[in-house]
Amino acid sequence: MSSITILGCMWGDEGKAKIVDFIGAEADVVARFQGGANAGHTIVLEDKKYIFHTVPSGILYPETKCVIGAGTVIDPYGLRDEMESLIAQGIDFTNRLFIDDRAGLVLSLHRQLDQKSEENLGAGKIGTTGKGIGPAYSDQAARCALRIGDLRYPEWLEQRLDNFYKYHQITLSASERKEELESLLEVGKFFQPYIAQTDQMLRNWYREGKSILFEGAQGTLLDLIYGTYPFVTSSHTVSGGVCIGTGFPPRWLDNILGVFKAYTTRVGAGPFPTEIEGPLADQIRQKGNEFGSTTGRPRRIGWFDAVAAQYSASLNGIDSLAITLLDVLTGLPELKICTSYLKHNQKLPGFVTHPIELKEIQPEYLTLPGWDIDISKMQKWDTLPKEAKQYLEAIQDLLKLPVKIVSVGQDRRQTIVNK
Ligand code: IMP
């Protein structure tokens, strides 16, 4: 009986998928608890490329069951396309994928509202993925949203759809209304075999001794409340989000693994204290392929921020760390880690989330020597160059947490487990 929660601990794109895939080999169940198709990752396995937005990547292990929890928001057409393309690649979903009937629906109006709101905000935009995530979650709070379970009941669906458009003060023509209802009912049929009340299933599996892996999407600093609001996503990306998003009791979160990149990235707008620009950032961006997997946008690059990382680790109750993309730093003459925030030359006690305060601070850095030996084939901690070990040890010391996993490349085999 055990659960492990794997969380991205900064602004997303920490390489969680690779770690979930690595640890997923030992899990009986992999569950998503928040977010939607704003997430995106590709897993390459035996030269085949699999693209995931909403389906948990645990589906690649034929015995593993996968859950899309109640806290997620689902674009039903996008998810059907994703599943159909995985089915065409030989993935079997029967009795393996369970979608909670309370997961919210992302409709095309949500995407339009997301894009319109970004246009209206102009220079002040959030830099969303444009997938309708914010409006879909707002509608849930406003109680006018449709949920995937509604697709099973035609009359109820009709009523809910009418209420949804009334709430948005939109009048559909009779033909538009008919068309939308028909396509929702049709896509609903596709999902019928997968819809379930997954909270009970997860609790039962845990009691039966199965191991459950919760897979976070985005990252802690994008959490709706605890992130760098308003430059955040609209779901709860922190460990507490697992319980809200899956109905799993907080006491049963046995092990929480925090995933950090060896440096930091951010997509979209918002403060980023350790950001670097110019040729060095370009070099890291190219080497780390730091372009959004959902939108293709170049990611902003920065040094490892131990102040933000400490906040994230303590907020989530992290037990151990996975450091990814360490190989990307190979060849840099020196590396920096932000160890404290200064305001008017005074050290702040810790991380701050207000954008004004984040803009005002000055990062204080520890500078460490780099290494230039290729580490991408190394499989043991001891074989890493001493400078790489020193860098990882500095992170351990600053966060007061052990680094358990180090990723030095995309492949499952390019992973070092620190025993
Ligand atoms: P939204 O989730 O599309 O509403 O976007 C809100 C913010 O979260 C923007 O800054 C996005 O760039 C960011 N974001 C959303 N999903 C991801 C992700 O998977 N990786 C990194 N950033 C993300």
Side-chain angles (χ1 to χ4, degrees), residues 6-20 32-43 51-57 71-75 78 82 104 106-121 123-141 215-238 241 245 259-261 263-272 275 285 288-302 308 312 324-325 353 355 358:
I6 300 184
L7 299 174
C9 287
M10 298 296 279
W11 283 288
D13 308 313
E14 294 89 354
K16 295 173 289 288
K18 147 98 193 253
I19 304 298
V20 169
R32 277 276 304 262
F33 57 93
Q34 44 73 228
N38 45 350
H41 54 260
T42 304
I43 293 192
I51 297 176
F52 295 93
H53 289 288
T54 307
V55 174
S57 52
T72 61
V73 283
I74 295 172
D75 161 6
E82 183 177 334
V106 183
L107 300 181
S108 72
L109 179 63
H110 292 131
R111 274 189 302 279
Q112 289 164 33
L113 291 171
D114 191 359
Q115 286 155 19
K116 189 96 209 129
S117 142
E118 288 286 271
E119 266 167 47
N120 291 343
L121 288 171
K125 70 179 182 183
I126 308 294
T128 72
T129 59
K131 298 285 176 187
I133 303 299
Y137 277 116
S138 310
D139 279 357
Q140 289 208 30
E215 170 180 7
Q218 291 84 45
T220 297
L221 301 181
L222 290 173
D223 182 88
L224 178 61
I225 296 177
Y226 296 99
T228 49
Y229 188 89
F231 303 100
V232 293
T233 190
S234 298
S235 64
H236 300 293
T237 56
V238 293
V259 187
F260 292 86
K261 245 177 221 180
Y263 47 96
T264 310
T265 61
R266 167 160 215 178
V267 223
F272 185 177
E275 183 163 19
R285 186 177 298 110
N289 190 24
E290 297 294 359
F291 297 89
S293 41
T294 300
T295 57
R297 291 178 291 176
R299 295 180 185 141
R300 298 157 67 193
I301 310 286
S312 178
T324 59
L325 292 121
T353 59
L358 274 174

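Sequence positions, counted from 1, serve as the residue numbers for this chain. Being a predicted model, the structure only gives us computed values, none of them experimental. Note that ligands are numbered from 1 as they come in the structure, with each ligand's atoms numbered from 1 the same way.
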Table of N or O contacts for ligand 1, cutoff 3.5 Å:
unit_1	atom_1	unit_2	atom_2	d
ligand 1	2 (O)	N38	ND2	2.9
ligand 1	2 (O)	T233	OG1	2.6
ligand 1	3 (O)	T129	N	2.8
ligand 1	3 (O)	T129	OG1	2.6
ligand 1	10 (O)	V267	O	3.2
ligand 1	12 (O)	G127	O	3.3
ligand 1	12 (O)	V267	O	3.1
ligand 1	12 (O)	R297	NH2	3.0
ligand 1	16 (N)	Q218	NE2	3.3
ligand 1	19 (O)	N38	O	3.4
ligand 1	20 (N)	D13	OD1	3.1
ligand 1	20 (N)	D13	OD2	3.3

* **salt bridge (Lys or Arg N to Asp or Glu O under 4.0 Å) against R111, all qualifying residues, sequence neighbours excluded** => D75

* Does F231 have any ring pair (Phe, Tyr, Trp, His ring centres under 6.0 Å) partners at least two apart in sequence or in another chain, and if so, which? -> none

* Donor-acceptor pair between D13 and T265 side chains, under 3.5 angstrom -> no

* To do: Provide the full list of side-chain hydrogen bond (donor to acceptor under 3.5 Å, both in side chains) pairs with a residue in residues 221-233, sequence neighbours left out, each pair given once.
  => W11-T228, N38-T233, T228-R266

* Asked: Taking NZ, NE, NH1 and NH2 as the nitrogens, is one of them in E118 or K125 under 4.0 Å from a carboxylate oxygen of the other?
  -> no

* Closest non-hydrogen atom pair between L358 and T353, with its separation -> CD1-O, 4.0 Å

